[in-house]
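Since the structure comes first, as structure tokens, the remarks are kept for the end.
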Amino acid sequence: MLANQIYLYNTLTNKKEKFIPIDENKIKMYVCGVTVYDYCHLGHGRSYVVWDVWKRFFISQGFDVFHIQNFTDIDDKIIRRANEEKVNWKDLTEKFIDAYFEDLDKLNVLRASLYPKATDYIDEIISIIQGLMEKGYAYRAGDDIVFSIKRFEGYGKLSGKSIGDLIENHRVESSSLKENPLDFVLWKSSKPDEPSWDSPFGKGRPGWHIECSAMSLKHFGSPFDIHAGGQDLIFPHHENEIAQSEGYTGNKFVNYWLHNGFVMISGEKMSKSLGNFKTLRDIYKIYDPMVLRLFILSSHYRSPVMFNVENLASAKEAWDKIKNTLDVCTSFGLINGNKDNVPSNFVNALCDDLNTPLALSFIFEKIRYVNSIINDYEKNPLKEYEINISSNIDEILSMIDILGLKYTSDVLFYSREKLTADFASYNFNDVNFELFECLNNKKIFQLISYREFFKQKKSYDLSDKIRDFFNKKGYALEDLPRGVRIKKR
RNA sequence: GGCGACGUGGCCAAGCGGUAAGGCAAGGGCCUGCAAAGCCCUCAUUCCCCAGUUCGAAUCUGGGCGUCGCCUCCA
């Protein structure tokens with residue numbers, strides 16, 4: 001039995017709705033993937049992090065999630081890019097599929113259940129197009145097959161547009177062969193030198209929208225629970241998917257349409273067409289992927305989010321704050337790794353259309369609480385403090401796990417007893433740093449022990465020299481009441 | 001032009017009818033040989049402006065002003 005009622009904002013109804021899956025505890029979720037002709041940018045990163053958190057949250061609430069995310073591996077842009085780079089289109093798409101996984105794995109995005117590629121579903125695409133022609137929804141326009149939007153009642157219901165307005169404001173010159181400028185291509189005839197597939201309509205390739213219908217209908221049927229993607233896909237992509245899918249099946253296509261907001265850069269939407277995009281791999285050169293993830297989750301998923309160095313720096317400090325506490329608890333041996341203890345206020349926040357900023361605030365409140373107990377514990381190492389710290393750390397780890405924030409300890413802790421054990425054999429008053437150019441754990445320990453020695457003799461200039469040496473090597477030394485903590489910066 | 005979203009402290013950002021969460025930054029104190037990390041305290045009588053509804057509004061209604069998005073390939 002699932003205890004918590006989840007609410008989500010459905011673009012189809014423009015309302016926050018109770019989430020009721022078709023099968024009681026199974027969720028069929030289709031996420032629009034990338035067209036693989038370039039590296040993923042921040043906008044992709046935000047989108048897939050958001051859907052990843054939705055998925056992790058569903059799983060944490062006891063649902064089985066079947067998650068499909070496609071790769072569009074044939075279209076005009078791919079063909080153009082392949083020609084520019086004088087490579088085979090197939091090699092190009094494989095390269096960027098590999099790059100997709102490399103970049104999104106770093107963001108700790110869980111793998112989908114299935115990653116279908118458009119070109120593996122040509123047969124299914126063809127039979128849908130044939131079905132649409134038989135039902136009168138599609139017709140031949142020159143060598144192409146196009147969908148007739150005016151024959152589909154309810155066109156515009158997702159994006160809230162009327163056909164009349166759309167036609168009036170249509171900015172793109174339309175092919176004179178189409179009955180209506182908004183009719184969209186289902187099957188696009190190919191030129192002799194372009195990749196093509198045989199079909200009853202002639203050699204060609206699928207239009208953009210049809211692949212998602214083919215792949216989701218094949219694996220899910222209709223209706224299915226959730227179809228998600230960026231807000232830029234609402235029109236025309238998802239509108240067209242509804243038209244062709246519902247025209248073909250006669251059933252409702254999708255129950256809940258979810259869309260994430262844009263990444264903004266200097267006040268404008270970041271996009272391929274504006275050319276103002278930053279790739280994930282560029283960001284990773286400056287910031288830890290988890291910093292990016294925290295930055296993304298600091299805003300609600302439907303709001304626009306402003307990308308700039310100040311906001312990223314703020315996210316970095318916040319992530320360091322969480323990691324510091326976890327590091328300190330690691331150094332005390334107070335982390336036992338139980339991740340099944342999620343506070344109810346956190347769950348409630350996510351139940352309300354995935355309110356991650358609110359959810360994060362509960363993590364920070366708990367971090368501060370744990371830190372205050374650590375302060376007491378350092379002065380007075382009582383067992384009751386340890387129990388309290390451990391149980392709160394369990395909750396923190398449970399929460400960051402649902403948000404997909406991956407903590408890895410990069411801290412070493414040496415107790416004062418260990419550091420002072422060999423003092424009897426120390427009879428020097430300087431350090432030859434040349435011997436420590438190549439640091440390993442043994443040498444790190446030695447240096448820290450020497451520093452303890454100099455500190456005890458109150459030779460603070462020497463102890464500070466050692467700390468400066470570590471700083472230059474990229475390590476930060478911190479004195480705790482019961483020993484020394486060292487971490488990579 | 002049509003449709004839609006938004007405007008909360010120096011910055012980011014929740015709250016959406018019951019008297020302003022959280023993060024970053026800043027200032028003061030504690031701890032420290034000094035640091036770092038951390039703790040404590042301070043930091044919006046007020047939520048773009050104006051009018052209205054209400055016992056009560058940042059939250060609802062109407063009108064302004066401003067920003068952004070979609071209407072074309074885009075997550």
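In the text below, chain A, chain B and the rest are named by the order of the sequence lines, each starting its count at 1. Computed from heavy atoms alone, side chains included, the values below leave out hydrogens, waters and symmetry copies.
For A:R302 and B:C6, a side-chain-to-base donor-acceptor distance below 3.5 Å is absent, hydrogens and geometry of angles not being considered. Between the side chain of A:R485 and the base of B:A37, no donor-acceptor pair of N or O atoms lies under 3.5 Å. With hydrogens and angles left out, the side chain of A:N14 and the base of B:G4 share no donor-acceptor pair within 3.5 Å.
Computed from coordinates, the A:R46 CZ to B:G69 P distance equals 14 Å when rounded to whole Å.
Note on A:V31: nothing from the nucleic acid sits closer than 4.0 angstrom, heavy atoms only. When heavy atoms are screened at a 4.0 angstrom cut-off, A:E268 is found touching the sugar-phosphate backbone but no base atom. Across all strands, A:K379 comes closer than 4.0 Å to no nucleic acid atom at all (heavy-atom distances). Nucleic acid contact for A:L233: sugar-phosphate only, since backbone atoms but no base atoms lie under 4.0 Å from a heavy atom of the residue. Backbone-only contact: A:S372 has heavy atoms under 4.0 Å from sugar-phosphate atoms and none from a base. Nucleic acid contact class of A:G45 (heavy atoms, under 4.0 Å, all strands): none. If you check every strand for non-hydrogen atoms under 4.0 Å, A:D479 touches a base. A:P481 comes within contact range of no nucleotide atom at all, as no heavy-atom separation falls under 4.0 Å. Residue contacts shown for A:D232 include a base, since a base heavy atom lies under 4.0 Å away. Within the 4.0 angstrom heavy-atom criterion, only backbone atoms of the sugar-phosphate kind lie near A:G267; the bases stay farther away. Contacts of A:K458 with the nucleic acid, taken as non-hydrogen atoms under 4.0 Å apart, are absent. Using a 4.0 Å heavy-atom cutoff across all strands shown, A:G230 reaches sugar-phosphate atoms only and no base atom. As judged by a 4.0 angstrom heavy-atom cut-off over every strand, A:L480 is placed among residues making no nucleic acid contact. Looking at heavy-atom distances under 4.0 Å, A:A318 makes contact with sugar-phosphate atoms alone, never a base.
Side-chain atoms of A:K321 lie closest to B:C24 of the nucleotides B:C70, B:C73, B:C24. Out of B:A75, B:C70, B:A37, the shortest distance to the side chain of A:F235 is found at B:C70.
Contact annotation: A:K455 side-chain N/O to B:G33 OP1/OP2 distance is not under 4.0 Å. OP1 or OP2 of B:C70 sits under 4.0 Å from a side-chain N or O of A:K269. Proximity of A:N371 to the phosphate of B:C39: a side-chain N or O atom is located under 4.0 Å from OP1 or OP2.
With RNA chain B read from its 5' end, the first of the two nearest nucleotides for A:D320 and A:L274 is the one closest to A:D320. Judged by closest nucleotide on RNA chain B, A:E365 is the one of A:S47 and A:E365 placed further toward the 5' end.
Salt bridge annotation for A:D105-A:R111: present, with a cationic side-chain nitrogen under 4.0 angstrom from a carboxylate oxygen. At a threshold of 4.0 Å, the pair A:E452-A:K455 counts as salt-bridged, since one of the basic side-chain nitrogens sits closer than that to a carboxylate oxygen.
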Hey, what are the protein-to-nucleotides 11-20 of chain B N/O distances that come in under 3.5 Å?
unit_1	atom_1	unit_2	atom_2	d
B:A14	OP1	A:H300	N	2.9
B:A14	O3'	A:N355	ND2	3.0
B:G15	OP1	A:N355	ND2	2.9

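B:G22 has no base stacking with the ring of A:F364 when judged by centroids under 5.5 angstrom apart and an interplanar angle below 30°.
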Inset, instruction - Determine, stepwise, if the pair A:W51 / A:S47 fulfils side chain to side chain donor-acceptor pair (under 3.5 Å). - result: CA-CA 6 Å; A:W51 308 124; A:S47 188; 3.1 Å; yes
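For the pair A:N308 (side chain) and A:E310 (backbone), a donor-acceptor distance under 3.5 Å is present.
A cation-pi arrangement is absent between A:R467 and A:Y460, since the terminal nitrogen or guanidinium carbon is not both under 6.0 Å from the aromatic centre and inside a 45° cone about the axis. A cation-pi arrangement, defined by a distance under 6.0 Å to the six-membered ring centre and an angle within 45 degrees of its axis, is present between A:K161 and A:F235.
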